[in-house]
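One structure below.
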Amino acid sequence: MNRDTHDVLKQVFGFSEFRSDQEGIVSALLEKRDVFAVMPTGGGKSLCYQLPAHILDGLCVVVSPLISLMKDQVDAAKANGLRAEFLNSSLPAQERHRVFQALENQQLDLLYVSPERFAMPEFIATLKKLKISFFAIDEAHCISEWGHDFRPDYLLLAELVQQFPTAAVAAFTSTATHQVQDDIIRKLGLRNAYLVRASFDRPNLFYQVIPKENLDVQILRFLREHPDDAGIIYRTTRKSVESTAEFLQMQGIRALPYHAGLPDKDRKSHQEQFNRDEIHVIVATIAFGMGIDKSNVRFVLHGDLPKNVESYYQETGRAGRDGEPAHCCLYFSQGDTVKIRYFIDQMEQVVEKKMAIHQLNTMVKIAQANACRRRSILGYFGETYPKDDCGACDICTGEVERIDATVDAQKILSAIVRSGQRFGAVHIADIVVGADTHRIRKFGHEKLKTYGVGRGQDKRYWRRVLDDLIAQDCVRPSDDQYPVLQLADKARPILRGEKTFMVLRQKETRRDRKTAPVGDYSPELFAHLRTERKRIAQESGVPPFVVFSDRTLHEMARYLPEDSSELRNISGVGINKLKRFGDAFLRVISEYRSAHPDETNELSVFQIPVPGSKVRKKKTDTVRETLTLAKQGFTLEQISNHRNLSPGTISTHIEKLVEQGETLSADQFIAPEKRAEIEELFKRLNADTLKPIVEAGEGNITYEEARLVRAFMS
Ligand code: ADP
Ligand code: ZN
């Protein structure tokens with residue numbers, strides 16, 4: 001990657017480093033090569049096509065399925081000074097005319113359109129007259145019938161390669177199994193595409209599961225602890241959406257509902273208010289999905305169990321797109337599993353049904369297993385998480401503990417056996433706590449040996465143990481409408497005391513853990529900056545996150561830049577935004593400084609000794625972080641994935657570390673044969689720069705490899 005590209009990254013987008021995967025995609029597109037990329041939400045897809053569009057001669061046509069998002073996307077691009085417009089049916093004729101004019105005068109780098117536009121001959125004719133550098137297709141999985149979002153309009157895109165043979169095509173999606181991936185590539189007819197499957201890890205998301213008890217109250221408690229944060233609460237049914245939203249409103253929380261049953265107008269307005277930070281909380285069914293590109297969603301709560309891991313991942317994925325910490329909490333009860341099972345049981349097709357059951361079980365396992373939530377989720381997508389402790393889930397941070405519940409399990413199992421394996425959960429719990437009910441008397445169960453053995457605990461407690469037994473396949477509910485409980489094979493050894501039965505329980509002392517870890521910044525200043533952002537956003541008629549992301553404001557509230565040259569060092573501040581918004585934010589910061597002279601000092605003592613020294617400090621920090629991981633034996637690729645930095649960047653870190661005399665082993669980063677081959681080339685060509693080596697390698701040697709070998713050579 002040449003210097004220019006990095007310059008554009010900093011000047012236009014305000015970022016100093018590429019994230020892993022972005023760099024490769026940008027290079028490929030600059031060479032006009034087709035691209036297929038699967039990147040998680042928040043992975044930074046838009047930069048992958050916006051940056052080359054800015055550099056390359058000619059127009060980049062971006063295909064995006066949602067008209068409602070196009071304006072925001074274009075506003076965001078424009079805020080960075082890019083020459084972008086959109087065309088869709090919502091645009092008045094006059095505006096449309098203006099855009100066509102701009103197209104014909106070659107004044108645009110980016111044109112956003114919806115797929116149905118490719119059915120219009122005059123549109124195709126206009127495009128044919130223009131120089132097109134490449135097409136970027138967002139949400140590309142919509143072209144596949146195998147995907148979950150098939151849109152017939154997308155099939156129109158299958159013609160692109162024939163119609164515009166000289167333009168490259170880049171397809172992006174955040175969800176694609178290998179089957180869908182192959183289908184997309186085939187349908188679009190991509191030619192030797194540069195393939196990227198990014199890691200699905202979202203290191204800034206904190207995952208947590210809490211037993212669901214009194215859901216609305218539990219949610220309220222969470223919201224009280226996060227009064228200023230924006231977030232989504234997912235519920236399964238319209239009715240539950242309405243009732244939770246109403247409950248929260250009654251408690252003084254400005255929450256609005258969102259589901260497919262609301263009039264279009266309300267739905268739109270609720271989404272809009274959420275987007276523009278006018279309300280913080282939206283309670284929604286999964287109908288609230290694709291249309292959100294708000295980057296500062298700080299939490300996603302699941303009030304009900306999602307029916308599979310894909311949905312869970314997609315929904316939680318809407319949190320923290322700006323890369324700042326965000327909280328994902330699932331309120332789980334076994335009762336939800338039973339409800340979903342009930343629906344699955346109505347399915348007629350055997351294969352479909354089997355798959356649905358399997359998917360549900362996997363979801364339940366993730367919610368109940370004593371294993372890192374992150375590792376379990378990534379495992380589901382076929383990814384191996386390299387660390388033992390992810391540091392950002394309730395299991396890894398020790399908020400949940402493992403408890404031996406063998407004796408209690410035996411009490412329940414014994415009650416099931418002694419009552420003849422013919423009763424459901426409610427009745428079994430009644431036996432154990434010694435309840436005096438009509439059914440107990442009717443069956444004479446007060447005479448059972450296990451009657452009342454669990455008086456010390458309440459019924460809810462016993463239901464929990466029963467849930468655990470079901471979740472761990474020790475007890476199996478029958479398929480009947482009123483399921484009766486029966487022992488599974490795994491129950492016998494527990495009953496006989498040959499095996500222990502372990503359960504997970506929330507640690508009481510840690511119950512009130514407030515939030516995902518946040519960086520050090522002044523919350524007060526952040527609040528002021530946020531108010532300013534909202535004001536500017538309203539004035540310019542765009543959503544606040546288009547002005548600056550939360551990450552950018554957090555950095556401002558941490559480093560307190562004094563002038564525009566310092567402000568330039570903040571991530572996300574490009575030249576255009578600096579010009580347009582810089583003074584307004586600097587004013588807020590300076591007011592804060594004068595109101596808090598002491599605090600400011602304290603901040604600067606502990607966080608940044610000298611304003612403006614931030615970049616230097618950060619650089620050494622980031623190299624040291626690479627060193628720590630390298631010392632733990634991770635490969636270049638693993639470090640790059642883990643740190644979300646490009647392999648190129650990591651290789652420069654390693655180069656620096658070797659220069660500084662750190663003892664690292666070359667073998668860890670590059671295979672010995674390859675290394676020997678490259679060393680040979682360096683000697684033969686008498687080279688000390690990387691380019692001749694990479695060129696001599698004819699596609700077999702990357703810049704990173706050449707740089708690594710050079711670093712270890714002397
Ligand atoms: P996606 O479309 O993949 O969900 P976006 O393109 O919206 O993701 O990017 C998500 C966030 O990441 C945005 O706030 C964007 O500004 C930020 N971002 C993208 N690339 C970088 C980078 N190289 N460094 C820092 N932040 C980045
Ligand atoms: Zn973890």
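Note that ligands are numbered from 1 as they come in the structure, with each ligand's atoms numbered from 1 the same way. A quick note: this is a predicted structure, and the numbers were derived from the prediction, not measured. One-based numbering along the sequence shown.
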Aromatic centroids of H302 and Y331 separated by under 6.0 Å: no
Can you see whether R375 engages Y380 through a side-chain donor-acceptor pair at a distance of less than 3.5 angstrom? no
Side-chain donor-acceptor contact under 3.5 Å, S90 with N88: yes
Just to be sure I understand the cut-off, which residues have at least one non-hydrogen atom under 4.0 angstrom from an atom of ligand 1? F15, E17, F18, R19, Q22, P40, T41, G42, G43, G44, K45, S46, R321, D322
Excluding sequence neighbours, so at least two apart, what forms side-chain hydrogen bond (donor to acceptor under 3.5 Å, both in side chains) with Q368? none
Would a 4.5 Å heavy-atom cut-off, applied to side chains only, mark F172 and C48 as touching? yes
Angle at the Zn ion (ligand 2), SG of C393 to SG of C390, rounded to 10 degrees, please. 110°
CG on N275 to NZ on K268, rounded to 0.5 Å: 12.5 Å
